[in-house]
Amino acid sequence: MIQRISSSKTLKLGALCSLLLIGTAWAGAPSDYAEFCASCHGESRLGGVGPALIPETLKRMRGPRVAAVIAEGRTATQMPAFSHELDALQIEELAGWLKSPLESDPEWGEADIMASRILDENYVAVEAPVWDSDPMNITLAVETGDHHVSVLDGDTFEVLDRFETPFAVHGGPKFSPDGRYVFIMSRDGWVQKYDIWALEQVGRVRAGLNSRNIAMSSDGKWVAVANYLPNSLTLLSTEDLTVAKVIDIKSKKGKPSRVSAVYQAPPRESFVLALKDVPEIWEVFYGANPPQFGIGHDFRIEGQFKNPDPFPVRKITTPDYLDDFFFDQSYEYVMGASRGGEGGQVIDLVIGQKVADLDLPGMPHLGSGITWRYGDTTVMATPHLTDGTVSVIDMETWETVKQIKTEGPGFFMRSHENSPYVWADVFFGPNKDAMHVIDKQSLEIVKTLRPAPGQTVAHVEFTKDGSHALVSIWEDDGAVIVYNAQTLEEVRRLPMRKPSGKYNVWNKITFSEGTSH
Ligand code: DHE
């Protein structure tokens with residue numbers, strides 16, 4: 001809704017409202033949409049310069065927020081206020097209509113994706129970084145307040161660049177294995193490629209219409225994009241963002257499903273997919289020699305024996321729906337939380353079967369789990385989304401070691417091999433300004449930080465050596481706070497616009513056990 005309407009249009013609208021009031025025909029929300037919104041958000045509501053306006057995107061804007069954005073606009077974006085052009089009733093109708101489903105399921109195939117691809121004409125690859133910092137200690141901070149990413153030097157915390165992203169980035173950006181490029185995804189399905197050495201965008205492509213997250217193959221050749229809309233997985237070449245394959249997601253029995261998330265399993269040279277609507281886990285292999293599986297097991301690989309499909313698919317039936325995952329460091333075992341939030345299960349990817357049940361109440365957010373050595377075993381910890389608990393689970397026996405009580409439900413956890421502590425936020429509720437620091441061996445909270453009373457304090461990332469922890473003040477007028485990770489003292493405060501996740505090149509490309517993968 002970038003275009004402001006002229007005063008003659010305002011008059012016309014005023015007349016329309018009067019007509020409505022006296023009971024005569026009013027073309028209603030679709031007509032208002034066509035007049036005021038379509039030029040930026042697309043005639044079919046699938047997005048253009050502005051984001052898609054469909055229920056899949058808007059359901060995240062709870063309560064009256066859609067109407068408020070139409071009326072007041074969105075600061076720091078091109079979305080203007082329409083309260084002078086549309087009256088309260090029209091705004092209410094329009095907001096309601098935008099949340100209604102599209103008349104038919106939109107298609108977005110290979111040709112559409114390719115047609116959306118933009119490569120920046122001014123981009124020139126460089127021989128070496130255009131800066132002097134340690135390339136392995138670069139940290140990106142996603143600023144969701146105005147849809148930018150800040151590129152930080154992890155030693156000096158100087159901002160090397162601040163670049164615009166597609167609207168509403170979600171999930172972790174994924175680095176190429178050498179740490180030079182980063183790929184960033186928005187909920188509208190745009191994938192952006194950025195060259196950290198050159199501090200330039202390389203290009204972007206719309207891989208889906210409503211997407212969840214992306215994963216990078218261990219050889220650095222492919223980015224997989226998990227889509228809700230359409231029901232597909234898009235595989236892109238990291239080189240030039242061309243489509244390598246679009247895989248339709250249909251269960252063994254032919255039922256379509258959304259993809260909740262995609263992860264890479266480096267030792268298996270595969271992408272692993274969590275599916276929203278069918279009780280299956282999928283593996284999509286990209287290596288030269290995908291494993292050969294025997295007949296009679298509860299899975300199959302499609303395409304492997306027929307023609308040389310470079311991305312054969314394996315479908316594993318699971319006893320329950322699993323749409324949030326955690327892998328052990330070997331990537332053999334997948335821990336999944338069950339839909340009802342009353343438990344979980346462990347699937348062995350080698351044999352393609354469930355091998356254990358998990359005692360996991362409280363809807364754990366396994367995607368943000370982390371692991372560390374605890375005595376002579378390895379444990380993983382995950383926050384619960386519905387209660388103030390962090391569950392700690394033994395990765396050998398799959399038993400719960402401890403349920404740590406926190407000041408409220410949390411979303412993200414982080415640690416580092418060189419840190420004795422785990423950091424866990426309290427994302428929801430009255431104590432959202434708290435950040436717990438938990439001792440990895442005693443499993444006790446040793447300190448609760450409150451750097452900005454009353455404000456949301458969330459998500460942590462460590463520097464390459466684990467000496468500093470970066471914490472978001474997740475507010476529009478927010479900041480990233482740099483802490484000394486040993487003394488827990490604040491070192492720096494970098495002003496930022498609603499910073500969400502931070503991502504350190506080294507921790508990510510080495511698959512540090514303290515960070516999400
Ligand atoms: Fe996320 C990661 C799913 C809501 C911010 N989120 C992820 C991942 C998944 C996921 C599967 C791991 C992907 C990856 O990194 O490759 N998130 C979901 C949901 O199902 C949920 C609960 C509902 C939804 O609407 O999608 C959800 N997530 C949110 C938010 O409301 C957050 C707080 C704000 C936002 O920007 O949308 C949010 N999610 C994040 C962030 C990460 C993430 C910042 C990356 C964390 C990391 O450290 O890797």
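Ligands are counted one by one from 1 in listed order, and the atoms in each one are counted from 1 as well.
For ligand 1, the atoms sitting less than 4.0 Å from at least one non-hydrogen atom of F427 are 33 (C), numbered in the order shown with element in parentheses. Set against the non-hydrogen atoms of R212, the atoms of ligand 1 under 4.0 Å away are 3 (C), 18 (C), 19 (C), 20 (O), 24 (C), 26 (O). Every atom of ligand 1 with a heavy atom of H459 under 4.0 Å away is listed here by number and element: 46 (C), 47 (C), 48 (O). Of all atoms in ligand 1, numbered sequentially from 1 with element shown, those under 4.0 Å from a heavy atom of R414 are 47 (C), 48 (O). Shown in contact with F412 at under 4.0 Å from a heavy atom are these atoms of ligand 1, numbered in order with element: 5 (C), 40 (C), 41 (C), 42 (C), 44 (C), 46 (C). Atoms of ligand 1 lying under 4.0 Å from any heavy atom of Y503, numbered from 1 in the order shown and given with element: 44 (C), 45 (C), 46 (C), 47 (C), 48 (O), 49 (O). For ligand 1, the atoms sitting less than 4.0 Å from at least one non-hydrogen atom of A261 are 11 (C), numbered in the order shown with element in parentheses. Within ligand 1, counting atoms from 1 as listed, the ones closer than 4.0 Å to a heavy atom of I214 are 16 (O).
Side-chain polar atoms of N504 and T139 form a donor-acceptor pair below 3.5 angstrom. Side-chain contact check for H459 and S500: no donor-acceptor pair (N or O, by modelled atom type) lies under 3.5 Å. For the residue pair K193 / T238, no side-chain donor-acceptor distance below 3.5 Å is found, with atom types taken as modelled. No hydrogens or angles considered: a donor-acceptor pair under 3.5 Å links the side chains of Q201 and Q192.
With a 4.0 Å heavy-atom cut-off, ligand 1 is reached by the side chain of K174 but not by its N, CA, C or O. Contacts between L385 and ligand 1 below 4.0 angstrom, taking non-hydrogen atoms only, are absent altogether.
The ring of W222 has its center no closer than 6.0 angstrom to the ring center of F271.
The shortest N or O to N or O distance between H170 and ligand 1 is below 3.5 Å. Considering backbone and side-chain N/O of G172, one or more are found under 3.5 Å from N/O of ligand 1. Looking at N213 next to ligand 1, an N or O pair under 3.5 Å apart turns up.
Between V480 and the options K502, E461, R493, a side-chain contact (heavy atoms from CB on, under 4.5 Å) holds for only K502.
Judged by the 6.0 Å distance and 45° axis criteria, K276 is not positioned over the aromatic ring of Y228.
For the atom pair CD1 of I113 and OG1 of T242, the computed distance is 11.0 Å after rounding to the nearest 0.5 Å.
Between F427 and F412, the angle of the ring planes goes over 60°, which puts this pair in the perpendicular group of the 30/60° scheme.
At least one heavy atom of R187 sits closer than 4.0 Å to an atom of ligand 1.
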